[in-house]
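Order of listing sets the numbers, starting from 1, for every ligand and every atom in it. Heads up: numbering here begins at 1 and tracks the sequence.
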Amino acid sequence: MKDPNELRRKKTEARDLDLHTAFAGLNDDMLNRLEVCSTKMTCEAGRMLFRRGMRDVDMYVVLSGQLEIDDVDEPGVEHVIAILRRGQFTGELDLLDNRPALVTCRAKIKTKVLRVDRSALRRLMRSDAEIAEVIMQACIGRRFDLIRHSSGGVLLVGLEHSADTIRLQRFLIRNGFPFQIVNAENNADADSLIRSFELNPAELPVVVLPDRTILRNPTNPQLADELELTDVRDFDKIYDVAIVGAGPAGLAAAVYSASEGLSTAIIEGASPGGQAGTSSRIENYLGFPTGVSGQELSDRSQIQAQKFGARFLISREVSSISEEVGQHSLVLSDGETVRARAIIIATGAKYQRLSVPDYDRYEYQGIHYAATAMEAGLCQQDEVVVVGAGNSAGQAALFLSRTADRVHLLVRAKGLNATMSDYLIQRILASRSITLHFETEITALSGDDRLREVTWLSKGSAEPETRHISNVFVMIGARPRSEWLSEVILRDSKGFIVTGLDAGSRSAFGTSLQGVFAVGDVRSGSVKRVASAVGEGSGVISEVHQYFANAVDLNLHAAILAA
Ligand SMILES: Cc1cc2nc3c(=O)[nH]c(=O)nc-3n(C[C@H](O)[C@H](O)[C@H](O)COP(=O)(O)OP(=O)(O)OC[C@H]3O[C@@H](n4cnc5c(N)ncnc54)[C@H](O)[C@@H]3O)c2cc1C
C-alpha cells in the first residue's frame with residue numbers, strides 16, 4: 001500500500017514542475033534578441049492589456065514591473081491566477097491560432113513590456129529555436145493547467161446524463177478546450193445561473209462563452225465556429241496539401257507536410273484524435289513505456305502541426321472530392337470548398353453498432369463507443385457492460401474496472417486468444433472486478449429517458465439474464481469511412497481504399513486518382529494500429545514531394561513541346 005503523504009508530495013512536486021515550465025521566463029540574452037522584433041511600451045498600474053474573449057492578442061514580455069493574469073468565476077468575479085515578472089510573458093495556445101484569450105491581463109504596477117505582434121512571433125518561432133522552445137513549453141503547460149483546473153474556458157450548464165450535455169462535454173474535451181460543467185439537476189449554483197442568465201430550463205444544455213454570449217444547445221459545428229477552433233477562413237486559397245481526417249495518420253501527415261514548408265489544411269469531421277483519441281491508454285506506442293492517453297497524444301500532435309503552420313477545419317465533414325486541372329476540390333458538409341494540389345485521405349474507420357431493438361434510442365444515452373475518464377465518471381461504482389473481444393474492448397474493460405463496481409465483458413466467441421493481445425487477457429483474468437461471459441450476446445435494452453436495464457443470453461443458458469445497468473460500451477470493430485468517395489476512387493470489397501500498384505499508382509500510398517493518397521486505417525491492407533497510422537502519415541509526404549516534382553517535369557515538357 002502506497003503512503004498517501006508520499007503520493008501527495010509527489011503530486012505537489014509534479015504540479016510545481018508543470019507550473020515552473022508553464023511560467024518559465026526568457027533570460028537577458030533572449031530578451032535582447034527579442035527587442036529587435038518588438039515594440040517597447042510602458043503601462044501605468046491598472047492598464048488593461050487584453051481582456052478574456054478578445055481575439056488576435058499579441059504577446060507581452062515583462063521587462064520590469066508586474067503583469068497580473070485574471071480568470072473570471074461565475075457570476076463575473078475575477079481572481080488572480082498568475083503574476084508575471086521580468087522575462088515572463090503572456091499568452092498560451094491562443095498565440096498559435098486565432099482563438100479568443102481565455103484570461104484577462106493588466107499591469108499590477110507601473111510596468112515596462114515588449115510587445116511582440118503575432119506575425120513577428122510566428123517568424124521568431126521558426127527562426128530562434130531556443131526562444132521557441134521556452135514559448136512552446138509554456139503554451140502547452142498553461143493550457144493543460146487551465147484544463148486541469150477547469151479555469152479560463154467556457155461554462156457548460158446541463159443535465160449530467162442528457163445526450164446533448166454528454167455530446168458537448170465530449171466535444172470540449174476532445175478539442176482540448178477548458179470548461180467548467182454545472183449539473184442542472186438539484187443544484188443551487190445551476191439555479192442561480194439559470195436565473196441570472198434568464199435561461200429557460202427547456203433550452204438546456206447551454207454553453208456560456210468567455211464574452212458571456214450564450215449558445216443554446218449548439219451543434220458541434222456551431223460550437224467549433226464560436227470557439228474559433230477552425231482557423232481556415234480563406235476558401236479561395238489553393239493549398240499544397242489538404243488532409244481529410246485528423247486521427248493519428250492525418251495529424252502525422254500534417255506535421256510532416258507543414259514542417260517541410262508545404263501549405264497545409266487539415267479537415268476533421270468531428271474532433272482531432274480519431275479512434276486513438278477515444279482510448280484511455282495506448283501502451284504499445286514507441287517511446288511511452290507507461291502508456292499515453294489517446295487524448296494527450298492527439299493534443300500534442302495538433303499543437304505540433306499548428307506550430308509549423310498547418311491550418312485546421314474542425315467539425316467539417318468532407319462530402320465529396322473532384323479533380324480539376326492540376327488541383328483537387330473537397331466539398332464540405334456546409335457547402336464550402338477546399339482546394340489543394342494534393343489530397344491525403346486519412347479518414348480511418350468507424351465503430352460498428354449492435355443489432356438490438358431500441359439501440360438507436362439509447363445511443364449516447366447509455367451506449368458509448370469510447371472509454372475515457374469522461375465516460376468512467378458517468379458510471380463510477382455502477383455495473384457496466386463492455387461488448388467485444390478485441391484489444392479496444394480489453395483496454396476499456398480494464399480501465400473501467402478501476403472505478404466501476406463490476407464490468408461484464410460480453411464476448412460472442414468461445415475465447416479471446418484469437419482476437420486480443422496476451423498481456424490484456426492475463427490482466428483481465430487476474431482482475432476481480434471483471435466477469436467474462438463467453439458465447440454471450442445482448443438481446444434487449446430498456447429504460448426511460450436513458451438506458452436502465454440490459455438483458456443478455458449466453459449459449460447453453462435456458463434463461464436470459466437481466467441486470468440494472470445504465471452504461472454499455474460497444475467495441476466490436478470498425479468499418480472504413482470511405483462512403484463519401486462513391487465511385488471516384490477504387491476501393492476493395494469491404495470499402496477500404498486500394499493504393500499502390502493495385503490502384504495503378506507507382507506510389508505506395510497513391511490511389512487510383514492522381515495526386516490523391518490514402519494512409520492509415522482507411523487504406524486497404526494497412527495494419528490497424530496507432531504506430532502504423534503515424535508511420536504512413538509521415539511517410540506519405542515524401543511521395544507528395546515526388547508527385548509535385550513529376551508534375552513540374554511534365555509541365556516543363558508540355559511547355560517545351562508547345563514552344
Ligand atoms: C478504443 C480504441 C482503442 C485503441 N487502442 C489502440 C492501442 O492501444 N494501440 C494501437 O496501436 N491502436 C489502438 N487502436 C487502433 C488505433 O486507434 C487506430 O488504428 C488509429 O487511430 C487509426 O488512425 P487513422 O488516423 O488511420 O484513423 P482514425 O483514428 O479512425 O481517424 C480518422 C479521422 O478522420 C475523421 N473523418 C472520417 N471521415 C471524415 C470525413 N468525411 N471528413 C472529415 N473527417 C473525417 C474522423 O472523424 C477521425 O477523426 C484503438 C482503437 C480504438 C477504437
**OP:** Using distance alone, with no hydrogens and no angle criterion, decide if E363 and Y369 have a side-chain donor and acceptor under 3.5 Å apart.
**Re:** yes

Original post:
Which residue holds the protein heavy atom closest to atom 30 (O) of ligand 1, what is that atom called, and what is the gap in Å?
Top reply: Q275 NE2, 2.8 Å

Original post:
For ligand 1, which part of Y351 has a heavy atom less than 4.0 Å away: the side chain, the backbone, both, or neither?
Top reply: side chain

Original post:
Which residue supplies the protein heavy atom nearest to atom 6 (C) of ligand 1, what is that atom called, and how far is it?
Top reply: Q395 NE2, 4.0 Å

**OP:** Could you check which of G245, A346, G294, P480 puts a non-hydrogen atom nearest to atom 32 (C) of ligand 1?
**Re:** A346

Subject >> Heteroatom distance test (A276, ligand 1): nitrogen or oxygen, under 3.5 angstrom >> reply: yes

Original post:
What is the closest protein heavy atom to atom 18 (C) of ligand 1, and at what distance does it sit?
Top reply: D521 OD2, 3.4 Å

Original post:
S329 and E324: side-chain donor and acceptor closer than 3.5 Å?
Top reply: yes

**OP:** Could you check atom 39 (C) of ligand 1 against the protein and tell me its nearest heavy-atom contact, residue, atom and distance included?
**Re:** T347 CG2, 3.4 Å

Original post:
So do the side chains of L227 and L172 get within less than 4.5 Å of each other, counting heavy atoms only?
Top reply: yes

**OP:** Check each of T278, V530, N284, V244 against atom 9 (N) of ligand 1 and report the one with the nearest heavy atom.
**Re:** N284

**OP:** May I ask you to identify, for A478, whether its side chain, its backbone, both or neither come under 4.0 Å of ligand 1 on a heavy-atom basis?
**Re:** neither

**OP:** Just go through G247, S421, P248 and tell me whose heavy atom is the nearest to atom 23 (O) of ligand 1.
**Re:** P248

**OP:** List the closest protein heavy-atom neighbour of atom 35 (C) of ligand 1: residue, atom name, distance to the nearest 0.1 Å.
**Re:** E268 OE1, 3.3 Å

**OP:** Please indicate whether any nitrogen or oxygen in A531 is less than 3.5 Å from any nitrogen or oxygen in ligand 1.
**Re:** no

Subject >> No-hydrogen, no-angle side-chain donor-acceptor test under 3.5 Å, D422 and Q426 >> reply: yes

**OP:** Look at R55 together with E228 and state whether they make a salt bridge at an N to O cut-off of under 4.0 Å.
**Re:** yes

Subject >> Donor-acceptor pair between N391 and S421 side chains, under 3.5 angstrom >> reply: yes

Original post:
Looking at Y359, does the NZ or CZ of R353 lie under 6.0 angstrom from its six-membered ring centre and within 45 degrees of the ring axis?
Top reply: no

Subject >> Greater than 12 external heavy atoms within 6.0 Å of R412's CZ >> reply: no

**OP:** Report yes or no: is the cationic atom of K237 (NZ for Lys, CZ for Arg) closer than 6.0 Å to the six-membered ring centre of F235, at no more than 45° off its axis?
**Re:** no

**OP:** Nearest heavy atom to atom 42 (N) of ligand 1 wins, so pick from L297, T372, I345, V318.
**Re:** V318

Subject >> For V498 against A503, the heavy-atom pair lying closest together >> reply: O-CB, 3.4 Å

**OP:** Give a yes/no verdict on whether any heavy atom in Y285 is under 4.0 Å from an atom of ligand 1.
**Re:** no

Original post:
Would you say R529 and ligand 1 have an N/O pair spaced under 3.5 Å apart?
Top reply: yes

**OP:** Can you pull out the closest protein heavy atom to atom 25 (O) of ligand 1? Residue, atom name and distance to 0.1 Å, please.
**Re:** A249 N, 2.9 Å

Original post:
By number and element, which atoms of ligand 1 are closer than 4.0 Å to a non-hydrogen atom of I267?
Top reply: 43 (C), 44 (N)

Original post:
Going by atom types only, do S470 and R452 share a side-chain donor-acceptor pair under 3.5 Å?
Top reply: no

Subject >> F312 side chain reached by L251 side chain, heavy atoms, under 4.5 Å >> reply: yes

Original post:
atom 43 (C) of ligand 1: which protein heavy atom is closest, and how many Å away?
Top reply: G269 N, 3.2 Å

Subject >> Shortest protein heavy-atom distance from atom 27 (O) of ligand 1, along with the residue and atom involved >> reply: G348 CA, 3.2 Å

Original post:
With a 4.0 Å cut-off on heavy atoms, does E536 reach ligand 1?
Top reply: no

